[in-house]
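Data block below; observations after.
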Amino acid sequence: LLSGLDRYLIADDVELERCDDEAPLICLEGPESGAVAAAVFGADLGAVAAMGQTAGEIGGATVQLARLSEIGGDGVLVWGATDLADEAVDACAERGAQRAGSEALHYLRVAAGIPWVGVDMGDDTLLMEMELEQSISRTKGCYLGQEVVERVSARGRVNRRRTGFEVATDGADPGPLPWLVEDAEGAEVGSITSAARDPETDRILALGLLHRKAEAAPALRLRAGGRSVETRATS
């Protein structure tokens, strides 16, 4: 992360350093996340804008809270001294929050269509392909990549876009990602970069990129294992 941030320090007077004594403690997700955060940490998030932050307290220590979600809904990220983690988790559970692990987080973010850097997008992916235009400033001055952003804006569209999929399954492992997506004629039209199996229904939800020429295709199928896939809406 430090090397990635340092790469984009061109003419700014910025110093980067590790914050080894602080780390994320909890990510609260769901419509009651703000109410739980208020009860546990005494923080009023009602006036805090998305991605904004405020201070709270637990066990006599100060923590920071930000309004953000890993799964595209309502959420609160809490961070501070790592020795507060157990107390914070227990206090949130007492207020009705349910503990969830990384598998649940992965499934929910794939279901919601939330791409992860390094998994679903990298240096060869445009923000507009991932439908993350809200992350682009239209008023900022010159920055790396601005020419590409403005070119896409002038043309009005990109050739690929983030797409949700549902993959037919027989219970067997479809194999390692990424999976190539083919149209009915066998031509490659996209790829699937993330997939998660619903533990209750055994269906596989997936996320990837699909070429616009295939959006109107009557059927798509996976090259790997011959499984059929259908596009689906993501939130």
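This one's a predicted model, so the numbers in the text were calculated from it and none came from an experiment.
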### Task
Supply the atom-to-atom distance Leu77 CG to Arg67 CZ, rounded to the nearest 0.5 angstrom.
13.5 Å

#### Entry: CG on Leu25 to CD on Gln64, rounded to 0.5 Å
11.0 Å

### Query
Any chain of hydrophobic side-chain contacts (each under 4.5 Å) joining Val48 to Phe41?
yes

### Task
Could you grab the distance from atom OG1 of Thr234 to atom CZ of Phe165, nearest 0.5 Å is fine?
10.5 Å

### Query
Are the side chains of Val78 and Cys92 in touch, meaning some heavy atoms are under 4.5 Å apart?
no

### Query
With distance as the sole test, does Arg160 use its side chain to make a donor-acceptor pair with the main-chain N or O of Leu209 at under 3.5 Å?
no

### Query
Got a sec: does the CG of Asp12 have more than 12 other heavy atoms crowding it under 6.0 Å?
yes

### Query
Is Leu1 reachable from Val117 through a run of I, L, V, M, F, W or Y residues, each pair having side-chain heavy atoms under 4.5 Å apart?
no

## Note on the structure
What one should report as the nearest heavy-atom pair of Ile58 and Ala88 is CD1-CA, 3.6 Å

### Summary
With sequence neighbours left out, the residues meeting side-chain hydrogen bond (donor to acceptor under 3.5 Å, both in side chains) with Ser69 are Glu29

### Message
Can you confirm whether Glu32 is buried at CD, in the sense that more than 12 heavy atoms of other residues, nucleotides or ligands lie under 6.0 Å from that atom?
### Response
no

### Query
Do His211 and Asn159 have side chains that get closer than 4.5 Å, going by heavy atoms?
yes

### Message
Run the side-chain hydrogen bond (donor to acceptor under 3.5 Å, both in side chains) test against Glu147 and tell me which residues pass, sequence neighbours left out.
### Response
Arg151

### Message
Are Asp90 and Arg99 packed together at the side-chain level, in the sense that at least one heavy-atom pair is separated by less than 4.5 angstrom?
### Response
yes

### Message
Measuring from atom CH2 of Trp79 to atom CD1 of Ile26, what distance do you get when rounded to the nearest 0.5 angstrom?
### Response
13.0 Å

### Query
Is there a donor-acceptor pair closer than 3.5 Å between any side-chain N or O of Arg232 and the backbone N or O of Ala111?
yes

#### Entry: Shortest non-hydrogen contact from Val167 toward Ile192
CG2-CD1, 4.3 Å

### Query
What is the distance from atom OG1 of Thr231 to atom CD of Glu166, rounded to the nearest 0.5 Å?
10.5 Å

### Query
Are Arg109 and Glu70 close enough, and set up right, to give a salt bridge (charged side-chain N to carboxylate O under 4.0 Å, His left out), and what steps lead you there?
CA-CA 7 Å; Arg109 72 96 185 171; Glu70 294 279 0; over 6 Å; no

### Query
For the atom pair CG (Asp123) and CG (Leu126), what is the distance rounded to the nearest 0.5 Å?
11.0 Å

### Query
Would the number of heavy atoms belonging to other residues, nucleotides or ligands and lying under 6.0 Å from CD of Glu103 be above 12?
no

### Query
For the residue pair Leu45 and Val76, what are the closest heavy atoms and their distance?
CD1-CG2, 3.7 Å

### Task
Indicate if Leu210 and Leu177 have the same hydrophobic cluster label, given that clusters are the connected sets of ILVMFWY residues with side-chain heavy-atom separations under 4.5 angstrom.
yes

## Note on the structure
Nearest heavy-atom approach of Arg212 to Val158 is NE-O, 2.5 Å

### Query
Hey, does Leu127 have a side-chain heavy atom less than 4.5 Å from the side chain of Met121?
yes

#### Entry: Val40 side chain near Leu28 side chain, heavy-atom distance below 4.5 Å
no

#### Entry: Asp86 atom CG, over 12 foreign heavy atoms within 6.0 Å
no

## Note on the structure
Tightest non-hydrogen contact, residues Val119 and Thr193, listed as O-CB, 3.5 Å

### Message
Checking Thr125 now: which residues fulfil side-chain hydrogen bond (donor to acceptor under 3.5 Å, both in side chains) with it, not counting sequence neighbours?
### Response
none

### Task
Treating Ile, Leu, Val, Met, Phe, Trp and Tyr as nodes and any side-chain heavy-atom pair under 4.5 angstrom as an edge, say whether Leu68 and Trp116 lie in one connected cluster.
no

### Task
For the pair His106 (side chain) and Gly101 (backbone), establish whether a donor and an acceptor sit closer than 3.5 Å, ignoring hydrogens and angles.
no

#### Entry: Nearest heavy atoms of Leu207 and Gly113, plus distance in Å
CD1-CA, 3.8 Å

### Query
Are Tyr8 and Leu5 connected, step by step, through hydrophobic side chains (Ile, Leu, Val, Met, Phe, Trp, Tyr) whose heavy atoms are closer than 4.5 Å?
no

### Query
Less than 4.5 Å apart, any side-chain heavy atom of Leu205 and any of Asp198?
no

### Message
Is it the case that the side chains of Asp120 and Ser194 hold a donor-acceptor pair, with the cut-off being a distance below 3.5 Å and no angle test?
### Response
yes

### Query
Is there side-chain contact between Leu16 and Asp6, with heavy atoms separated by less than 4.5 Å?
yes

